[in-house]
J.: 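The structure's right below; bear with me while I get my questions together.
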There are 2 protein chains.
Amino acid sequence: MAKYLNQNPVLVAVDCIIFGYDGENLKLLLIKRAIEPEKNKWSLMGGFIGENENLDGAAQRILLELTGLHDVYLEQLHAYGTPDRDPIERTISVAYFALIDINKYNKQLNDQYHAEWFKLKEVPKLIFDHDRMVVAAMNKIRYQAALHPILFELLPKKFTIPQLQALYEQVYDSPIDNRNFIRKITASGLLIKQPEKDKSSSRRGAFYFKLDKQKHKAQFQSFLSLTIKPK
Amino acid sequence: MAKYLNQNPVLVAVDCIIFGYDGENLKLLLIKRAIEPEKNKWSLMGGFIGENENLDGAAQRILLELTGLHDVYLEQLHAYGTPDRDPIERTISVAYFALIDINKYNKQLNDQYHAEWFKLKEVPKLIFDHDRMVVAAMNKIRYQAALHPILFELLPKKFTIPQLQALYEQVYDSPIDNRNFIRKITASGLLIKQPEKDKSSSRRGAFYFKLDKQKHKAQFQSFLSLTIKPK
DNA sequence: TCAAAAGTGTTTACGTTACACCCATGC
DNA sequence: GCATGGGTGTAACGTAAACACTTTTGA
C-alpha cells in the first residue's frame, strides 16, 4: 500500500528515569553516555524504538538491558519533541519512569554502561533535556504516590514500617508524624505483618511486613491519600 | 555532523481529543478522515508533526486549523506506538486533549473537515486506536478535574452555577447535591459574582459568575477536591 | 542503666455528607 | 396563583492532625 506523502520521518527514542530506594535514600540510576555527542556525560538510560516494538516494550527492553530486571513498575511520563533537543538528528523522546527495588538490581548489575546510583539531591547535570525529565518524573511520582500505593514498588518484598515512612519522607521531602502514618498505613489493609523483625537498624527491631498483593491490585485505582497532600 | 546509524525513523503524529460543552451536554469534536485508509470514517483530528514544530506546537496548530481557536487548554495525554496502529506506515501518535468553549467554536466554524460534535455517549466507532485515546482522555479529565479546576475551560467567560454543576455531573456521570456543590465552589473563592442573571433556563434566573483568573492560576497547582472522588 | 528506635491512644479541628425548605419570576 | 428552577442552613459523621509516653533490647 502507498505511504503517506511528503512527511518527514524522525527518530523515536525512549528514555527511562529509574528510581531506586536503598532503605535510606531515594536514588536515580544514571549512565555515562557511550556515543557522541555528549559522550561520557551523565545521561538517562535510553534507546531508539525497535521496528517491532511498541513504546512500553521498548522501555521494558531498555530497563532489562541496564538492570537485568523484568516485571518492573514502568509508567509513561511524557513525550518530548522540541526540534533541536538532540543536536544530531531530530528525535522525539518518550520518557518513562521506573520504580525498582535497588537491592534486586545490585544482584544483577550490568556494568557495561558505567551506571551509577545518585542520591536525588546530588544528581549531576544531564545531557539534552534529561534534567527536565527528571523534574517531571519526580513531580509525577509525588502526584501518583499521594493517590495510589506505588511506592511499595521501591521496597523489597519484606520491609519495615520505618523504612516505608522514610521513603515517603524522601519523596515528599518533609517529615511525617509516625503515629498518624502507622494508623493510615495499617487502616489501608495493604500490609501483612510478618513474625520476624529487622534488627539491623535498632536494638528493639522493627517487624517486617509484606504487601497484600490482592488488595494492592484491588485498591490501586481507588484514590487514596496515603500521606501529605502535596502543595 | 554525523547522524545516528542503523536506526529507522518513523512518522510522528499528534491526535487531539477535543471536548466541548454547550451548557447541556459534554461533547467530542470528530472529523471525517479525508485520506485513505479509512477515508470518510470518523476520526480524531490529527496531523503529522512539522519540521520546526515541537509537540505542543503541532497540537496547537491542528486545533487552530480545525476550530480557528488560539489559546486553548491543551494537555498531553499519552504517546501511542503499537507497530501496526496505522496500517499504512509506522506512526507514533502523541495524543492531546483539548477543552474548549463550544460556543466560541461555533462562531469560527471551519467546515473543510466535515467536523461534527457528538455527545459523549453517542460517539461512533473511530479509526485505528482512537477509541482507546478517547477513553484515556475521559479518564484523565476525571482525574484532573477532581484535583484541579480545569473544567472552567469548557465554559464561556460568564456562566451560572447550575451550568457548572451540570458540567461536573456530565463529567462524572453522576448527580451532585447542589447545596454542597455551591458551598464548595464558593468556598474555593474562584468565582466572582456578576450583577446580571441568565434567564434563559428558568423564570427566576441564575446569576452569572466569572472566574477569578488570578486565583485560578494561583490555586491550579494546589490539589483541590472539587467534586466527588472518582472511585 | 541508658541510649535509641519502635510502637501505641486520645483529643480536637476540619471538611464532607445528608437532608428540606423558601425564593423569585413568568406565565 | 402556581409551576419551575435557584438558592440557602444545619446537624451528624468521619477523616486528618496534633500531641507524649512506654516498650524493647543491646551495649
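From a predicted model like this one, the values you see are computed outputs, not experimental measurements. Letters go in sequence order (proteins before strands), and every chain restarts at 1.
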J.: Any chance NZ of B:K32 has more than 12 other-residue heavy atoms, nucleotides or ligands included, within less than 6.0 Å?
T.: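 No - once you tally the heavy atoms of other residues, nucleotides and ligands closer than 6.0 Å, there are 12 at most.
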
J.: Would you please test B:E75 and B:Y73 for side chain to side chain donor-acceptor pair (under 3.5 Å) and show each step?
T.: CA-CA 7 Å; B:E75 190 177 330; B:Y73 184 88; 2.6 Å; yes

J.: Give a yes or no on whether the ring-centroid distance for B:F159 and B:Y208 is below 6.0 angstrom.
T.: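 No; B:Y208 has its ring centre 6.0 Å or more from that of B:F159.
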
J.: Output the rounded distance in Å from CG (B:D198) to P (D:dG6).
T.: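 That distance rounds to 9 Å.
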
J.: Do you know which of A:L30, A:I127, A:V123, A:I31 makes side-chain contact (heavy atoms from CB on, under 4.5 Å) with A:W42?
T.: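 Testing A:W42 for a side-chain contact (heavy atoms from CB on, under 4.5 Å) against A:L30, A:I127, A:V123, A:I31 leaves exactly one candidate, A:L30.
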
J.: For nucleotides 8-11 of chain C, print each protein N/O atom paired with a nucleotide N/O atom at under 3.5 Å, atom names and distance only.
T.:
| from | atom 1 | to | atom 2 | distance (Å) |
| --- | --- | --- | --- | --- |
| C:dG9 | O6 | A:R183 | NH2 | 3.0 |
| C:dT10 | O4 | A:R183 | NH2 | 3.0 |

J.: Could you check whether B:T160 gets within reach of a base, just the sugar-phosphate, or nothing at all, counting any heavy atom under 4.0 Å?
T.: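 B:T160: no heavy atom of the nucleic acid under 4.0 Å.
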
J.: Could you tell me how far apart B:E24 (CD) and D:dG5 (C1') are, to the nearest whole angstrom?
T.: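 Atom-to-atom, B:E24 to D:dG5, this comes out as 14 Å.
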
J.: Just by distance, do the side chain of B:E169 and the backbone of B:I176 share a donor-acceptor pair under 3.5 Å?
T.: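 Flag set: sc B:E169 to bb B:I176 pair under 3.5 Å.
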
J.: Return the residues of residues 202-209 of chain A meeting this criterion: a heavy atom under 4.0 Å from some atom of DNA chain D. Order them by number, or give none.
T.: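 Residues of residues 202-209 of chain A under 4.0 Å from DNA chain D: A:R203, A:R204.
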
J.: Could you give the CG-to-P distance, from A:L164 to C:dA5, as a whole number of Å?
T.: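 The answer, rounded to whole Å, is 19 Å.
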
J.: Can you measure B:F181 atom CZ to C:dT16 atom P for me and round it to whole angstrom units?
T.: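 That distance rounds to 13 Å.
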
J.: Under 3.5 Å, is there a donor-acceptor pair between the side chain of B:Y113 and the main chain of B:A115?
T.: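 Checking the backbone N and O of B:A115 against the side chain of B:Y113, no donor-acceptor pair under 3.5 Å is found.
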
J.: Check this for me: B:K213, atom NZ, are more than 12 non-hydrogen atoms of other residues, nucleotides or ligands nearer than 6.0 Å?
T.: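 No, NZ of B:K213 has 12 or fewer neighbouring heavy atoms, counting only those of other groups under 6.0 Å.
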
J.: Whole-Å distance between D:dT4 P and B:K199 NZ?
T.: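 Between P of D:dT4 and NZ of B:K199: 18 Å.
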
J.: Given atom NZ of B:K197 and atom P of D:dG6, what is their separation to the nearest angstrom?
T.: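 My rounded result for the distance is 10 Å.
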
J.: Cut-off 3.5 Å, side chains only: do B:S93 and B:D15 have a donor facing an acceptor?
T.: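 B:S93 vs B:D15: donor-acceptor pair found between side chains.
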
